Amino acid sequence: MTLRFYDSATASVRDFVPLTEGRASVYYCGATVQGEPHIGHVRSALAFDQLTRWLQAKGLEVTVVRNVTDIDDKILVKAVENNEPWWALAYRFEQAFEDAYDALGILKPTYEPRATGHIPEMHALISLLIERGHAYPALDDSGDVYFDVRSWKQYGSLTRQNIDDMQAAPDADPRGKKDARDFALWKGSKPGEPETASWASPWGAGRPGWHLECSAMVTKYLGTEFDIHGGGLDLRFPHHENEMAQSQAAGHGFANFWMHNGMVTFEGEKMSKSIGNTINPREMLQIARPLVVRYYLGQAHYRSVLDYRPGSLTEAAAAVERIETFVKAAVSQAHSNGKVSVTGNLPDTFTAAMDDDLNIPAALAVLHETVRAGNTALAKKDIEAAGVALEAVVSMTDALGINPLDEQWARGGDATAELAALDVLVKAQLEARAQARTEKNWAESDKIRDVLAAAGIDIADSANGSTWSLRR
RNA sequence: GGUGGGGUGGCCGAGAGGCGAGGCAACGGACUGCAAAUCCGUGCACACGGGUUCGAAUCCCGUUCCCACCUCCA
């Protein structure tokens with residue numbers, strides 16, 4: 001089957017044919033760094049990380065650009081509230097986002113441009129739009145520059161909306177606009193705003209409008225036409241609609257595919273900064289390991305709503321442990337050297353599921369079926385079959401970014417020495433217990449197990465001896 | 001008012017005309033000194049009402065409920 005993705009612009013699943021053979025260019029909207037990341041931000045980045053990994057697995061050379069919006073109204077407001085320079089606040093939260101992405105193994109984009117670093121590119125785009133008759137300086141003397149929505153007849157096409165049918169914003173302030181729907185490309189400086197948040201421009205000092213940065217940056221790094229533009233579903237309108245309008249009005253082909261990930265809800269309600277029902281990745285990481293959090297956030301189809309509720313992570317942990325238990329057992333029995341290479345040989349059913357608009361739930365079904373087959377092989381002492389299953393499982397998990405053998409998920413480096421020491425001590429206990437068991441001294445055997453269990457160490461007996469693991 | 005997405009077994013979550021995806025939980029069995037893990041089995045699900053069809057969770061008509069976007073939002 002060929003690679004297909006759902007394209008929001010046409011509301012249909014289409015074959016994905018890269019504009020340049022062998023390559024793929026992806027731009028997706030990162031965060032406005034005005035606060036701590038919440039799980040929804042991470043899910044979005046994860047969805048596009050899964051996309052990136054799959055494009056790579058298909059042999060494409062992928063260029064990924066994710067923006068950082070480091071200047072906007074809220075950043076300025078919050079900086080004042082915090083009595084902190086806006087740029088310090090933006091940078092601080094940018095780091096918090098990076099930390100959250102890193103913790104979950106989200107691959108670094110090829111490049112991560114900041115809005116404030118691309119003012120000249122934005123000016124050039126504004127000038128071009130004015131020349132072409134699609135933008136105009138504000139009719140009052142605010143110093144704003146607006147996109148002229150009525151001048152672009154395709155406006156609304158991304159979300160298939162008609163301007164006249166749209167509900168007017170309740171706080172519609174016409175300011176110097178020709179139409180209430182016109183949006184700011186450039187915002188003139190207002191009294192009281194910090195000088196550091198103001199840049200000179202042909203239309204007066206000011207700062208960029210939100211939508212403009214993406215159009216300017218995507219063109220700079222990926223060209224006037226590129227393969228995929230992604231982002232959260234909530235960005236579809238107005239942000240992506242506006243982006244598309246201004247870029248196409250400037251004569252650019254722009255995105256070939258638009259991909260939008262679904263929202264994360266909290267017990268049925270959308271999580272958002274403005275409502276305040278958010279979950280911090282840090283909080284999730286306190287109740288589950290990074291690998292489990294990644295598995296949980298990535299297990300549903302990227303376009304589905306993902307509803308978080310207490311207990312979700314416990315269930316995900318059970319599923320992850322099932323995979324890990326098999327991999328661990330198979331490595332020790334089928335790969336005595338402990339080295340398992342990612343072959344990239346994926347079951348056809350897995351590939352077919354992934355090719356079909358990244359159907360990860362179906363791909364995970366293949367993964368779990370392979371785990372079961374592997375476990376059965378181990379039970380039958382069919383080492384060859386177990387080895388085959390092991391390689392398939394490792395390759396599949398690797399393609400999804402949840403390979404339990406990946407050093408990304410290894411415990412922190414600091415713990416290595418402690419673990420090694422613990423291993424020596426626990427192994428001594430296991431030997432004593434093995435002795436007791438050969439003597440059928442079950443009381444002693446169980447006592448040793450209980451003592452270890454009380455310390456958070458679980459032991460498991462098998463035909464090949466006993467193994468231990470730290471309860472997590 | 002406009003646009004879009006949905007209602008699937010105890011829970012999560014795919015599928016989209018015909019063999020009960022998969023995971024979690026539960027129960028029964030096998031294995032085990034006992035556990036744990038693992039394997040096998042059980043549950044006969046598709047909001048409601050009509051219709052089309054040999055056959056519908058999947059198509060059509062109607063009803064109903066939910067959610068998102070239309071203002072900053074991943």
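Below, read A as the first sequence line, B as the second, and so on, with proteins coming before strands; counting in each chain starts at 1. These numbers were taken from a predicted model, which means no experiment stands behind them. We use all heavy atoms of the structure for the numbers below, so side chains are in, but hydrogens, waters and symmetry mates are not.
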For [N] and [X] - does any side-chain N or O of the residue sit under 4.0 Å from the phosphate oxygens OP1/OP2?
X      : N     : answer
A:N261 : B:A74 : no
A:T265 : B:A68 : no
A:R66  : B:A74 : no

- [ ] Could you check which of B:A37, B:C12, B:A74 has an atom nearest any side-chain atom of A:T32?
- [x]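 Taking heavy atoms from C-beta onward, the closest nucleotide is B:A74.
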Atom pairs, N/O to N/O, protein against nucleotides 21-25 of chain B, distance under 3.5 Å?
unit_1 : atom_1 : unit_2 : atom_2 : d
B:A21  : O2'    : A:E369 : OE2    : 3.4
B:G22  : O2'    : A:H368 : ND1    : 3.4
B:G23  : OP1    : A:R372 : NH2    : 2.8

Tell me which pairs pass salt bridge (charged side-chain N to carboxylate O under 4.0 Å, His left out) where either residue lies in [range], with sequence neighbours left out.
range                       : answer
residues 359-386 of chain A : none
residues 94-116 of chain A  : A:R66-A:E112, A:E94-A:R114, A:E98-A:K108, A:D102-A:K108
residues 147-163 of chain A : A:D148-A:K178, A:R150-A:D164, A:R150-A:D179
residues 38-53 of chain A   : A:D49-A:R53, A:D49-A:R294

Task: Short N-O contact, A:K177 and A:D144, less than 4.0 angstrom - done: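 Between A:D144 and A:K177 there is no salt bridge, as every charged N stays at least 4.0 Å from the carboxylate O atoms.
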Are any protein N/O atoms closer than 3.5 Å to N/O atoms in nucleotides 1-5 of chain B? If there are, list each pair with its distance.
unit_1 : atom_1 : unit_2 : atom_2 : d
B:G1   : N2     : A:D165 : O      : 3.2
B:G1   : N2     : A:Q167 : N      : 3.1
B:G2   : N2     : A:Q161 : OE1    : 3.1
B:U3   : O2'    : A:T159 : O      : 2.9

Can you name the salt bridge (charged side-chain N to carboxylate O under 4.0 Å, His left out) partners of [X], sequence neighbours left out?
X      : answer
A:E315 : none
A:D357 : A:R303
A:R14  : A:D7

- [ ] Identify whether any heavy atom of A:D446 sits under 4.0 Å from a base atom; if not, whether one sits that close to sugar-phosphate; answer base, sugar-phosphate or nothing.
- [x]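 Base, at least one base atom sits under 4.0 Å.
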Task: side-chain contact (heavy atoms from CB on, under 4.5 Å) partners for A:V149, two or more places apart - done: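 Residues passing side-chain contact (heavy atoms from CB on, under 4.5 Å) with A:V149: A:F147, A:Y155, A:I163, A:R181, A:D182, A:F183.
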- [ ] Report the stems of RNA chain B as range-with-range entries sorted by first number; a stem here is at least three consecutive pairs, Watson-Crick or G-U wobble, both distances under 3.5 Å, and write none if there are none.
- [x]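 So the stems come out as B:1-7 with B:64-70, B:10-12 with B:22-24, B:26-30 with B:38-42, B:47-51 with B:59-63.
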In residues 442-450 of chain A, what donor-acceptor pairs under 3.5 Å come from side-chain atoms, sequence neighbours left out?
unit_1 : atom_1 : unit_2 : atom_2 : d
A:S445 : OG     : A:R433 : NE     : 3.2
A:D446 : OD1    : A:R449 : NH2    : 3.4

